[in-house]
Amino acid sequence: MNALYIFNISIFAVFFTLFTIEVGIALQILLGNNKIAEMIRYITPIWEITGTFAVFFVMNFIATFPSAIAIIGTAYVAPLLIAALFFIFRNAFLAYGIYYKGSSSRVYLKVYGLATLITGFLVISVLSSAISGFGINLGTDSINLFTLFVNPFFLIILVSVIFISLMLNSVIFHTDKEPVYFLIGIIGIIMALLDMHYYLNYAFINLLQGVPLLLLVIIVFPVRMASAIKRSAISMIVPFVWMFLIIILFSYATYPYWFGKEINATSYLSLTATGTYVSYITIIGGALLTIALIYFVYISYFKSKKAYS
Amino acid sequence: MLSVLDFDRFLMGFSLGVHIILASIGIALPVIIILAEFLGIRKKDKIYTTLAKRLSLILIVLFAVGTASGTLVALELFLLWPKFMALVGQVAILPVYIEVFAFFLEAIFLAIYMLSWDSFDNKYVHVFFGVLVGIGGAASAILITMLNSFMNTPNGFNISTYLSTGRIVGVNPLAIFSTPATGIEVSHVLATSYFAGAFIFCAYMAYRLLKCDPKYKEYYMKGLKITFSLVVIATFFSVVTGIISINSLASIQPEKYAALEANLFTRSNASEIIGGILINGTLRDYFSIPGLQSALLGSSNAVAPGLNEFPKSTWPPLIVHDTFDLMVFLGFGFGLFVLIVLVLQLIRKKPFEKRWILYLIVIAGGVAVLLLELGWMTAEVGRQPWIIYNVMLVSEAANYSTSIIPIVIGLIVVYALILPITAIMLKMLFRDRELSKELGIP
């Protein structure tokens with residue numbers, strides 16, 4: 001697999017991992033979970049970084065597949081612009097909710113939760129369409145909004161993401177009924193696998209090649225669930241790693257196709273010298289970013305004595 | 001009837017118009033906060049520390065909205081102008097790509113900054129995190145402006161082959177870091193961003209001084225002095241880089257220069273034309289200062305390029321001449337006002353004790369934002385009809401999907417609402433945080 005492609009998938013995986021956890025938090029806020037305060041403490045330092053990873057993915061996508069911009073940009077302009085609109089609400093109302101101490105902060109957090117869910121709905125609809133080809137007409141670079149939002153592939157993926165996000169949240173925040181949520185998460189994974197088997201058989205076959213990694217991923221959770229490390233610092237990182245690996249696996253499975261099997265994405269890879277420089281920058285920048293993020297996690301969750309809020 | 005292209009243009013212009021205000025604050029505010037925190041530690045003065053803490057709260061909230069609007073602008077670039085971004089992706093993406101890391105630097109260390117007050121025995125460690133936020137903001141501005149420089153003076157690929165065949169060959173991805181416009185444009189954008197961003201808070205401090213309880217006077221006075229110091233430095237660099245910038249246009253973008261100066265014909269010993277409207281090919285209702293334009297270009301014989309050298313189809317809208325004149329007029333007026341206040345301060349006439357000066361500073365805060373907008377409007381409209389000068393027309397780059405029209409309207413409504421809502425939220429946010437408690441005064 002081309003290095004640019006690997007970087008693109010990896011950046012997407014980090015973004016989507018963070019975003020999936022946030023979707024779960026948004027759901028819990030709307031459902032009125034009693035661990036909201038803990039969830040807000042978790043999300044306070046991280047929400048900006050999730051947003052920045054979204055921009056990172058967009059820019060990396062442009063640099064990696066420059067000639068695909070015309071198709072993606074033209075076809076998905078409507079859902080992506082609406083997603084951007086709700087992203088503004090997500091950012092603004094989360095900041096209001098976190099820093100405003102009045103009684104209406106809960107209302108702002110609910111607006112944030114709703115905006116995040118709508119953003120998630122739109123982003124997942126575009127992603128599933130780009131993977132499966134549902135809802136897009138490649139002849140005219142246009143989409144049918146009804147088919148985009150109402151097709152079995154997308155709906156199953158959507159439910160699956162919601163189930164997985166609930167499981168991740170349950171594990172991170174030790175919510176009540178953790179085993180139930182764990183089971184829901186497993187159902188979510190099985191649904192995603194069946195969805196791929198039914199609608200993207202080539203990807204399902206690819207996925208089987210990743211069995212060793214799949215087993216590793218499956219093992220991670222029972223280890224995490226073991227009471228000995230349940231409340232340790234490392235246990236917080238396990239769900240991230242797990243979700244990251246799951247997305248890498250699924251992305252690898254669909255390689256190298258977009259829109260079902262209509263387009264071979266490698267034909268859109270950057271062929272100019274720019275691609276080489278993008279690789280170098282990704283490696284150097286990625287290494288620095290990793291160091292900064294490790295330090296960030298250390299400060300935010302372990303060292304911080306006092307936040308001004 | 002507006003076309004889809006008009007909607008594309010309007011949304012992009014509107015989004016950028018909002019974003020540059022937030023971006024300027026994001027660039028200038030960290031510097032103000034760092035200065036306040038540094039002085040607080042150095043002088044062991046709680047007022048400065050409280051100022052830094054309260055301003056950091058404004059920064060994080062505006063950063064939240066600014067990040068969203070920045071993300072929207074990034075998305076709009078590729079959704080509204082897909083052909084443009086396809087070319088940029090192959091030739092000129094590096095600064096924009098590196099900018100993401102600058103953005104990360106800003107986001108990560110802003111989060112760390114907010115979470116680690118009083119977490120270190122050496123308090124300067126915390127200041128250092130603020131410095132990194134400031135560096136991230138400034139680096140973002142520099143790198144994004146490089147893409148704009150590329151749009152004004154494209155290089156880094158074989159343009160003639162691209163124009164004749166549409167193929168992109170001979171790519172040098174590093175060339176974008178040194179286009180003919182890069183140095184001066186980056187300097188001017190940085191200086192004016194600090195200027196506008198700092199002046200907004202200078203105006204805020206002046207407003208609070210006019211309205212506040214006398215017990216808070218020292219707090220706002222110290223805030224005013226810090227912000228004004230930054231304004232003085234930024235004003236100086238804005239004026240200098242502005243003059244160099246307009247003169248450099250005569251050689252690197254003569255068509256834009258001719259439009260800004262309303263030069264219908266190329267000539268030497270050219271007059272500086274002020275005001276005027278073009279009616280039936282004739283400029284009317286203007287006045288001119290003989291020889292000044294050529295003199296500003298270096299000598300009385302210097303040739304000032306005219307629009308007659310270019311096909312009429314590629315002339316920018318001549319409204320840019322008026323926006324340019326207004327910008328220069330306000331800019332020099334500003335420079336003079338800042339100079340007067342500075343001199344009064346230096347000769348110990350206590351200008352910030354004078355209410356009329358405080359009122360003028362409040363008004364000037366709004367004018368500073370107007371100046372920033374006028375500058376960008378002049379620069380961007382002045383490049384029309386090109387998205388990449390002499391390479392790609394805006395109309396060639398656009399997305400003509402009609403589905404965007406209702407979304408554009410929705411986005412503009414949201415954008416128009418989000419800034420006032422944020423301002424109200426900030427007010428409410430501070431209403432619940434009593435300054436007297438934080439300052440430890442009764």
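Chain letters run A, B, ... following the sequence lines, proteins first and then strands; every chain starts at 1.
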What residue in [options] has the most heavy-atom pairs under 4.5 Å with chain A?
| options | answer |
| --- | --- |
| B:Ala107, B:Ala86, B:Gly410, B:Ala92 | B:Ala86 |
| B:Phe157, B:Tyr97, B:Phe84, B:Phe78 | B:Tyr97 |
| B:Ile108, B:Val65, B:Ile168 | B:Ile108 |

Task: For chain B, the option from A:Ala63, A:Ser270, A:Ala75, A:Ser67 that forms the most heavy-atom pairs under 4.5 Å - done: A:Ala63
Which bit of [X] comes within less than 4.5 Å of chain B, counting heavy atoms only: side chain, backbone, both or neither?
| X | value |
| --- | --- |
| A:Ile11 | side chain |
| A:Phe61 | neither |
| A:Val278 | both |
| A:Ser142 | neither |
| A:Ala54 | neither |
| A:Asp141 | neither |

Task: Aromatic contact, A:Trp258 with A:Phe65 (centres under 6.0 Å) - done: yes
- [ ] Anything under 30° is parallel, anything over 60° is perpendicular, the rest tilted; go ahead and classify A:Phe121 against A:Phe154.
- [x]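 Answer is perpendicular, since the angle exceeds 60°.
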Where on [X] is there a heavy atom nearer than 4.5 Å to chain A: the side chain, the backbone, both, or neither?
| X | answer |
| --- | --- |
| B:Val408 | neither |
| B:Met85 | both |
| B:Leu75 | side chain |
| B:Ile418 | both |
| B:Leu132 | neither |
| B:Val171 | both |
| B:Leu105 | neither |

TODO: Run the numbers on B:Lys123 and B:Glu37 for salt bridge (Lys or Arg N to Asp or Glu O under 4.0 Å), then give the verdict.
DONE: CA-CA 9 Å; B:Lys123 292 188 181 303; B:Glu37 192 184 0; over 6 Å; no
Would you say the side chains of [X] and [Y] form a donor-acceptor pair under 3.5 Å?
| X | Y | answer |
| --- | --- | --- |
| A:Thr147 | A:Asn151 | no |
| B:Asn399 | B:Ser401 | no |
| B:Thr422 | A:Tyr96 | yes |
| B:Gln90 | A:Thr274 | no |
| A:Ser129 | A:Tyr76 | yes |

Open item on the list: Main chain of A:Gly275, side chain of A:Ser279: is a donor-acceptor contact present, judged purely on distance under 3.5 Å?
Closed with: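 Judged by distance alone, yes, a pair lies under 3.5 Å.
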Open item on the list: Counting only heavy atoms not in A:Tyr108 (residues, nucleotides, ligands), do more than 12 fall under 6.0 Å from its OH?
Closed with: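 Atom OH in A:Tyr108 is crowded, with more than 12 foreign heavy atoms closer than 6.0 Å.
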